[in-house]
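Here's the structure, in structure tokens; my notes come after.
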Amino acid sequence: MKKPVILWLRQDLRLHDNPALIAAAALNQPIIPLYILEQPSSIGAASRWWLHHSLIALKDAFSLQGLGLIVKQGEAKTVLQQLTATTNADRVVWNRRYDQPSMTIDADIKATLSSAGVICDSFNSHLLFEPWTIKTKKDQPYQIFTPFWKYCLTQKPPFPQTIPTTLKGFPLAGSSIDELGLLPAKPDWAGGLKEMWQPGEATALKRLDQFLDENITNYHEDRNHPNVDVTSRLSPHLAWGEISPRVIYYQTIRRLQEIPGMGAQTFLSEIGWREFSYHLLFHFPQLPTQPLKDKFKNFPWLSDTVLFDLWTKGLTGYPIVDAGMRQLWHTGWMHNRVRMIVASFLVKDLLLPWQQGAAWFWDTLVDADIASNSASWQWVSGCGADAAPYFRVFNPILQGEKFDKSGDYVRRWVPELNNLPSNVIHQPWIASTAYLKAANIHLGVTYPNPVIDHNKARLRALNVFKHLKEDNNIEE
Ligand SMILES: Cc1cc2nc3c(=O)[nH]c(=O)nc-3n(C[C@H](O)[C@H](O)[C@H](O)COP(=O)(O)OP(=O)(O)OC[C@H]3O[C@@H](n4cnc5c(N)ncnc54)[C@H](O)[C@@H]3O)c2cc1C
């Protein structure tokens with residue numbers, strides 16, 4: 001039997017348009033698809049739940065092609081050294097990652113295995129373009145989204161490739177996916193996730209078709225309203241690489257050619273924001289931990305575990321904020337408009353550090369993505385590239401009234417406010433006592449009073465941000 005090639009899968013849990021799989025197949029050697037739960041693991045709890053189910057779907061998909069998926073856990077280098085030795089594999093192929101810690105691991109593995117005579121090859125499955133191929137005229141990375149995306153649109157991403165027709169398996173027993181211990185046990189908090197999601201490549205591809213058929217036309221307008229389910233919900237599938245961004249790109253372009261309109265263009269530019277986040281992550285590796293704007297380095301963030309805890313639990317007394325945080329806890333996902341509102345509330349109203357909010361999102365989102373999460377938190381905080389200006393403080397009442405006019409989103413996630421009419425649902429404290437009583441609401445008992453006065457908090461934030469600017473003598 002020919003020597004096998006190891007296909008090391010990471011955030012590319014799919015068979016279609018998977019360049020590492022295609023490269024492995026082209027070698028005409030038996031293939032060992034391998035997933036390693038790397039230790040120490042930084043994967044958040046909701047993502048671990050997703051990963052468990054995604055691996056099951058991937059295993060089934062490989063098995064239909066006559067291949068067995070092997071799962072292991074440990075330090076990736078040690079696992080690969082052992083597996084290449086025991087199977088006599090002479091090659092390892094994988095698709096690239098773009099965060100600094102992972103790139104360091106991958107470079108070390110490449111060097112170690114190569115010196116032992118094992119060839120390592122890496123490819124791009126995760127992005128439309130490799131981040132180092134997109135540069136300004138001055139040969140610098142882009143820091144502003146609009147010119148970045150305009151330039152990208154002049155380029156052609158690689159055309160998606162189909163699943164290779166001849167795949168050869170390699171007989172090998174591995175541990176079961178259950179043994180990775182990815183699922184929550186005591187308590188099992190994943191009921192809401194199960195209700196909403198079905199991880200895996202097949203669902204992702206179906207979801208894209210459904211979204212393009214049903215929701216794309218008016219996406220540019222509808223996408224801001226959290227009470228309607230009109231966005232693609234492809235984010236966790238993209239985060240785990242169950243769908244190729246190039247498939248999304250070309251199918252959307254095709255749709256745009258058939259029916260031109262703002263919906264498809266706006267959707268494409270959201271895929272562009274994902275790409276931009278990775279561009280930033282690659283060129284500014286400190287993105288997940290450090291503000292990109294220097295003047296934010298010594299920002300006087302507050303420290304308040306009680307307020308942070310109330311924010312995580314959806315008990316701030318601001319209904320749209322609480323609805324978002326509870327949607328996140330229950331389903332592992334939150335609508336983009338509401339993500340912006342809750343993030344602004346944490347960093348501007350409560351003056352708590354964006355890194356703390358990003359860490360909570362990291363643990364609770366099924367679509368937790370190191371590039372998009374870090375770039376988005378920096379954007380809301382005003383310290384990132386092309387960020388919202390510091391004086392933009394989302395007003396949770398006005399945002400609620402504008403984007404959840406009927407109040408149905410709040411009613412869905414904050415049922416204790418169910419009986420309030422739309423005109424007061426975003427600020428229950430203005431309702432009269434009689435009104436509240438009729439609606440079965442006892443403020444401070446059945447639903448909290450606001451933890452902070454938004455108008456005062458806004459002025460406090462503006463003052464801190466203004467001084468920051470003056471201190472650093474930097475022009476906006
Ligand atoms: C504070 C904050 C944290 C966020 N954290 C994450 C995260 O960890 N993972 C994540 O995938 N997205 C994150 N986002 C971006 C965005 O909220 C989600 O991608 C989007 O809500 C996912 O829903 P969807 O798939 O229905 O999006 P759609 O509206 O259907 O958009 C399609 C795809 O475009 C991409 N996209 C859309 N908006 C953005 C954006 N603003 N930035 C980057 N990519 C985008 C996503 O891959 C998304 O799946 C965050 C946004 C904020 C404000």
Side-chain angles (χ1 to χ4, degrees), residues 11 43-44 46-47 50 99 126-128 145 148-149 196-197 203-204 207-208 210-212 214-216 218-226 228-245 247-249 251-252 263-281 287-288 311 321 324-325 327-328 331-348 354-388 392 394 399:
Q11 280 159 292
I43 305 172
S47 296
W50 188 283
D99 61 293
H126 209 54
L127 300 175
L128 300 177
F145 174 72
F148 166 83
W149 188 234
M196 176 153 165
W197 302 105
T203 320
R207 179 81 200 153
L208 173 65
Q210 193 189 357
F211 168 75
L212 292 175
E214 294 172 11
N215 302 119
I216 190 96
N218 228 23
Y219 170 83
H220 56 299
E221 284 175 359
D222 296 347
R223 66 183 286 268
N224 271 313
H225 300 281
V228 281
D229 176 16
V230 292
T231 63
S232 73
R233 300 214 177 171
L234 284 170
S235 50
H237 300 288
L238 271 165
W240 283 106
E242 294 172 356
I243 188 163
S244 159
V247 166
I248 300 179
Y249 178 89
Q251 289 209 24
T252 310
Q265 268 178 46
T266 309
F267 180 65
L268 213 50
S269 79
E270 295 309 318
I271 299 300
W273 274 101
R274 174 181 180 272
E275 196 78 9
F276 184 54
S277 303
Y278 272 92
H279 185 76
L280 294 176
L281 178 69
L287 183 79
W311 177 80
V321 174
M325 297 308 292
Q327 180 182 31
L328 172 61
T331 66
W333 185 87
M334 194 195 301
H335 188 276
N336 180 58
R337 166 62 48 185
V338 194
R339 291 188 202 203
M340 293 194 285
I341 300 170
V342 304
S344 175
F345 188 79
L346 186 82
V347 295
K348 297 195 174 168
W354 61 267
Q355 292 93 334
Q356 212 177 341
W360 180 256
F361 270 32
W362 181 258
D363 203 30
T364 52
L365 278 172
V366 285
D367 65 23
D369 176 279
I370 194 66
S372 300
N373 196 38
S374 313
S376 300
W377 274 95
Q378 291 223 25
W379 183 88
V380 175
S381 309
C383 59
D386 201 6
R392 182 161 189 212
F394 280 78
Q399 288 282 318

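Just so you know, ligand 1 is whichever comes first in the structure, and atom 1 is the first atom listed for that ligand.
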So which bit of [X] gets within less than 4.0 Å of ligand 1, heavy atoms only: side chain, backbone, both or neither?
X: F211; result: neither
X: F361; result: side chain
X: F267; result: side chain

Quick check: does [X] get an N/O under 3.5 Å from an N/O on ligand 1?
X: D367; answer: yes
X: R223; answer: no
X: L234; answer: yes
X: T231; answer: yes
X: W377; answer: no

Does ligand 1 have any atom sitting under 4.0 Å from a heavy atom of F276? no

Among protein heavy atoms, which sits nearest to [atom], and what does the distance come to when rounded to 0.1 Å?
atom: atom 21 (O) of ligand 1; value: N336 CB, 3.5 Å
atom: atom 29 (O) of ligand 1; value: Y219 OH, 2.5 Å
atom: atom 50 (C) of ligand 1; value: S376 OG, 3.4 Å
atom: atom 5 (N) of ligand 1; value: N373 OD1, 3.1 Å

For atom 53 (C) of ligand 1, tell me which residue out of E270, H335, R339 has the closest non-hydrogen atom. R339

Taking only residues two or more places apart in sequence, or in another chain, which ones meet S235 in a side-chain hydrogen bond (donor to acceptor under 3.5 Å, both in side chains)? W333, D367

How about E242 and W50: does a side-chain donor come under 3.5 Å of a side-chain acceptor? yes

